[in-house]
2 protein chains.
Amino acid sequence: MENRRILIIEDEPAIREMVCFAMERAGFDCAQANDAEEGQACIAERAPDLILLDWMLPGISGVDLARRLKREELTRNIPIIMLTAKGEEADRIRGLDVGADDYVVKPFSPRELVARINAVLRRVSPETPEPVLEVDGLVLDSVGHWVSAKGQRLEMGPTEFRLLHFFMTHPDRVYSREQLLDRVWGRNVYVEERTVDVHIRRLRKAIEARGHDKLIQTVRGAGYRFSTRG
Amino acid sequence: MENRRILIIEDEPAIREMVCFAMERAGFDCAQANDAEEGQACIAERAPDLILLDWMLPGISGVDLARRLKREELTRNIPIIMLTAKGEEADRIRGLDVGADDYVVKPFSPRELVARINAVLRRVSPETPEPVLEVDGLVLDSVGHWVSAKGQRLEMGPTEFRLLHFFMTHPDRVYSREQLLDRVWGRNVYVEERTVDVHIRRLRKAIEARGHDKLIQTVRGAGYRFSTRG
DNA sequence: CCGTACTGTCATCAAACCGTAATATACATC
DNA sequence: GATGTATATTACGGTTTGATGACAGTACGG
């Protein structure tokens with residue numbers, strides 16, 4: 001499951017960093033831009049799912065950029081949340097008038113921002129039907145957060161759940177311990193490589209009730225693989 | 001059945017009183033608010049069935065408030081009738097544009113207002129999908145505002161009621177504390193995440209008499225889930 | 001004005017979970 | 001079969017997370 005991509009266009013580095021940090025912690029991928037031009041470049045190449053746009057920007061203002069984006073066919077559907085400095089009523093209305101989907105008044109709390117982003121995204125692409133993964137009778141429901149095999153509920157810890165989720169979405173391919181750490185634990189997290197062995201063990205144990213532990217194969221000298229083909 | 005609750009937001013006391021009087025005589029419960037802020041407070045705590053909203057308000061204007069309410073998930077479904085001073089065509093269009101369900105031009109007769117209110121309520125209420133929710137013998141009547149399990153009435157606070165209502169309308173799905181705050185408490189309310197735990201606890205306690213507390217499941221590291229599957 | 005109901009926060013406790021190291025086992029090569 | 005290496009398994013201490021009870025502030029009705 002890919003993370004949603006957020007682009008923040010804001011000339012104040014402090015705010016940009018703060019927001020970006022909050023976004024990544026909330027599970028979004030965050031890109032930054034200094035001004036409108038840079039922002040447009042980012043939009044063109046990364047096609048963000050949502051844009052946080054500062055009201056005041058040097059050069060082309062946020063309002064102008066918003067208006068421009070909403071006029072373009074390609075970018076019209078990308079939701080925009082304006083970051084406005086003061087609670088000027090007229091500004092807010094104008095912001096919404098140019099097509100922004102919501103606005104947040106500075107100073108704002110990271111949580112409020114995240115909440116608004118989620119709300120806007122929810123409005124734009126409502127209730128995604130649940131992606132239920134199934135391999136050989138092993139079922140993983142990422143929305144309901146549970147795993148079952150032929151009707152029987154399987155219990156496991158959060159890490160094992162993520163690990164299994166990763167495997168089920170990336171089958172038939174060997175991943176080294178390092179790669180697994182990178183993709184399941186997350187980038188800049190430092191844990192011993194051998195720890196992967198332990199979690200593999202825990203995962204196997206959790207799914208062995210119906211013989212699904214066979215799906216996780218050890219590839220000596222290379223890593224692990226998830227596959228139906230023995 | 002309880003009376004419908006109407007909220008009038010209007011800065012002119014004379015009109016407010018007049019309308020209120022007419023409403024009560026027509027069999028509605030009527031609450032009053034002076035401006036947008038006061039109005040929002042009323043909405044949050046009394047959940048009116050319909051809002052009469054003055055076009056011009058000091059501070060946050062009626063238009064802006066309407067737009068805001070229509071953007072919030074919690075308040076989106078509350079019908080709004082705008083009270084406009086003059087029959088400016090542009091205003092009417094804009095008013096409906098922001099999501100208002102109808103408008104009335106001042107000066108208006110009480111009878112006309114009541115007629116329009118009834119019309120709007122009639123139009124809106126058939127859209128109410130399920131007034132009474134039922135899961136595994138647990139019954140929640142969102143209109144009557146009560147909960148019962150196998151005939152036994154269950155007592156709980158307003159927040160627990162909303163929480164349960166949300167859960168019953170969104171089962172089999174894990175929600176993080178943040179999402180719950182976002183969707184049950186509403187946005188721009190700043191509450192500690194751990195507070196969710198406490199209300200979960202209160203809700204469980206309220207419905208445990210017939211073992212329904214099992215329906216609310218903790219998903220470690222992820223949040224909570226409401227589901228019959230155990 | 002006082003009692004009641006409700007809410008949000010905090011402190012504390014128990015359980016679940018995680019990472020690491022130690023030990024046992026499997027594998028490959030000679 | 002012996003030896004060295006890679007993996008499996010187990011055990012354990014520390015940390016995180018959730019459950020729970022207590023408490024103070026607030027709103028409200030009487």
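The structure displayed is predicted, hence computed values, not measured ones. Here is the naming used below: chain letters follow the sequence lines, and residue numbers restart at 1 for every chain.
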Sugar-phosphate only, base, or nothing, as touched by Glu160(A) at under 4.0 Å among non-hydrogen atoms: sugar-phosphate
Touch class at under 4.0 angstrom, heavy-atom based, for Tyr224(B) against every strand present: sugar-phosphate
[X] has an atom [atom1]; how far is it from atom [atom2] of [N], in whole Å?
X	N	atom1	atom2	answer
Leu180(A)	dG19(C)	CG	C1'	16 Å
Phe161(B)	dA5(C)	CZ	C1'	17 Å
Glu155(B)	dC6(C)	CD	P	8 Å
Arg162(A)	dC17(C)	CZ	C1'	11 Å
Leu163(B)	dT7(C)	CG	P	11 Å
Arg225(B)	dG18(D)	CZ	C1'	15 Å

Within the 6.0 Å centroid threshold, strictly below: Tyr175(A) and Phe166(A): yes
Ring centroid separation His170(A) to Phe226(A) under 6.0 Å: no
Protein proximity profile, nucleotides 25-30 of chain C - base contact B, sugar-phosphate-only contact S, no contact -, cut-off 4.0 Å on heavy atoms: --B---
Side chain proximity check, Leu181(A) to Glu193(A), heavy atoms < 4.5 angstrom: yes
Option among Asn77(B), Ile78(B), Ile80(B) that satisfies the side chain to side chain contact (heavy atoms under 4.5 Å, CB included) test with Leu69(B): Ile80(B)
Under 3.5 Å donor-acceptor, Ser148(A) side chain and Gly151(A) backbone: no
Listed once per pair and sorted, the ring-ring contact (aromatic ring centres under 6.0 Å, His included) pairs that draw on residues 183-212 of chain A, sequence neighbours left out: Trp185(A)-His199(A)
[X] side-chain N/O to [N] phosphate OP1/OP2 under 4.0 Å:
X	N	result
Trp185(A)	dC18(C)	no
Thr218(A)	dA8(D)	yes
Tyr190(A)	dT20(C)	no

N-O pairing of Arg225(A) and Asp172(A) below 4.0 Å: no
Carboxylate-amine/guanidinium contact Arg16(B) Asp11(B), below 4.0 Å: no
Donor on one side chain, acceptor on other, Thr218(B) and Arg204(B), under 3.5 Å: yes
Selection: residues 191-213 of chain A, any non-hydrogen atom under 4.0 Å of DNA chain C: Val191(A), Glu192(A), Thr195(A), Val198(A), His199(A), Arg202(A)
